[in-house]
Amino acid sequence: MPEKNAYQVTDWNGQSGERWVANQARLDAMVEVFGRAAIDAAAPMRGERVLDVGCGAGASSLTLAARVGAGGQVLGVDISEPLIGRARALASRDASTLFQVADASSAELPEGAFDILFSRFGVMFFDDPTGAFAHMRRALRPGGRVAFVCWRGAAENDWVRLPMGAIKGILPPSAPPDPEAPGPFSFGDRARVARILKAAGFTEVAIVPFGASVPFGEGVTRDAAIDDAVKMALEVGPLSRALADQPDDLRARASTAVRAAFAGLPGERSVMINGAAWIVMARNPAS
Ligand SMILES: C[S@@+](CC[C@H](N)C(=O)[O-])C[C@H]1O[C@@H](n2cnc3c(N)ncnc32)[C@H](O)[C@@H]1O
């Protein structure tokens with residue numbers, strides 16, 4: 001029997017982890033507005049304790065720490081050593097934020113210790129999402145709340161729909177991905193997310209759409225920004241995986257096609273591209 005989440009552990013400690021560290025500032029700029037919407041939904045109060053699941057390089061953990069203040073506590077948990085390393089470096093002066101390398105679906109977490117279970121795009125990667133949420137629920141106090149942001153389907157997210165559409169016909173045809181397989185879009189189906197949370201024991205599940213035009217890549221001129229956006233699309237996310245084992249000539253053609261698609265988007269110092277997410281809220285029953 002393979003170890004739980006084995007593929008994700010390998011990937012986030014290997015290629016995906018390294019590429020996220022390399023692109024950390026630009027990725028933070030891209031997803032910041034979504035994280036802020038989820039933090040507003042969580043409504044952290046001074047003195048509260050927050051578990052930030054799949055915290056990556058810790059940007060959301062630090063924002064949460066500022067909201068709960070010195071009397072509060074934030075624990076960021078992530079399976080990726082390189083990303084937790086980056087989080088610790090960025091948080092060096094923030095004593096109320098702790099980071100731990102652990103699989104959130106099985107980590108030894110203190111029972112009933114947290115007021116809020118939070119995540120910014122870090123809960124879509126579990127092999128067994130219901131089991132993972134049931135496990136994490138035990139770390140929440142009775143009556144504690146959940147707030148996270150996850151992507152809607154790939155077809156609704158231009159940052160992946162446009163580049164993937166552009167390379168159709170360049171890459172050899174492949175089977176369509178399983179929409180429920182662990183990965184960025186596995187929580188795209190709102191009804192599935194509600195089912196997972198209810199089966200894990202949560203109540204008061206509320207899921208609302210949130211969309212925004214976000215900066216993708218950056219540069220001092222529009223041309224440089226488009227080049228950077230293409231580089232980022234080729235390095236991070238579904239396009240990078242689709243191109244991983246392809247020959248150089250095919251990668252070059254794909255890059256040209258993606259550039260043409262991005263050139264039609266607005267933006268001067270970044271390509272501005274649409275992202276579509278769910279803001280998910282739920283509660284641990286009071287007893
Ligand atoms: C898309 S990244 C988001 C990172 C960060 N929350 C942010 O917004 O910048 C997903 C993160 O989830 C983490 N992750 C995936 N599976 C996990 C698990 N089972 N337990 C803890 N973290 C996990 C990955 O290592 C990665 O850092």
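FYI, the numbering just counts along the sequence from 1. We count ligands from 1, going down the list as the structure has it; atoms in each ligand are counted the same way.
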So, using salt bridge (Lys or Arg N to Asp or Glu O under 4.0 Å) as the criterion, who are the partners of Glu218 when residues are at least two apart? none
What is the distance from atom CG of Leu171 to atom CZ of Arg251, rounded to the nearest 0.5 Å? 10.0 Å
Just list the side-chain donor-acceptor pairs under 3.5 Å for residues 239-250, sequence neighbours left out, or say none.
| residue | atom | partner | partner atom | Å |
| --- | --- | --- | --- | --- |
| Ser240 | OG | Gly237 | O | 2.7 |

Ion pair check, Glu235 and Arg26, cut-off under 4.0 Å: no
Arg259/Asp223 ion pair, N-O < 4.0 Å: yes
Under 3.5 Å, is there a donor-acceptor pair linking the side chains of Gln15 and Asp11? no
In ligand 1, which numbered atoms sit nearer than 4.0 Å to a non-hydrogen atom of [X]?
{"X": "Gly56", "value": "4 (C), 5 (C), 27 (O)"}
{"X": "Phe126", "value": "18 (C), 19 (N)"}
{"X": "Leu83", "value": "27 (O)"}
{"X": "Gly122", "value": "12 (O)"}
{"X": "Phe121", "value": "1 (C), 2 (S), 3 (C), 10 (C)"}

Are the side chain of [X] and the backbone of [Y] linked by a donor-acceptor contact shorter than 3.5 Å?
{"X": "Asp127", "Y": "Asn5", "answer": "yes"}
{"X": "Trp151", "Y": "Phe187", "answer": "no"}
{"X": "Arg49", "Y": "Ala113", "answer": "yes"}

For [atom], closest protein heavy-atom neighbour:
{"atom": "atom 4 (C) of ligand 1", "result": "Gly54 O, 3.5 Å"}
{"atom": "atom 8 (O) of ligand 1", "result": "Arg120 NE, 2.5 Å"}
{"atom": "atom 13 (C) of ligand 1", "result": "Asp78 OD2, 3.3 Å"}
{"atom": "atom 16 (N) of ligand 1", "result": "Ile79 CD1, 3.4 Å"}

Judged on heavy-atom distance to atom 20 (N) of ligand 1, which of Ala104, Ala59, Gly58 sits nearest? Ala104
What part of [X], side chain from CB on, backbone N/CA/C/O, both or neither, has a heavy atom under 4.0 Å from ligand 1?
{"X": "Cys55", "result": "backbone"}
{"X": "Ala102", "result": "backbone"}
{"X": "Asn5", "result": "side chain"}
{"X": "Ser105", "result": "neither"}

Does any N or O atom in Gln8 lie less than 3.5 angstrom from one in ligand 1, N or O only? no
Would you say Asp103 and ligand 1 have an N/O pair spaced under 3.5 Å apart? yes
Between Trp159 and Phe185, is the ring centroid distance below 6.0 Å? yes
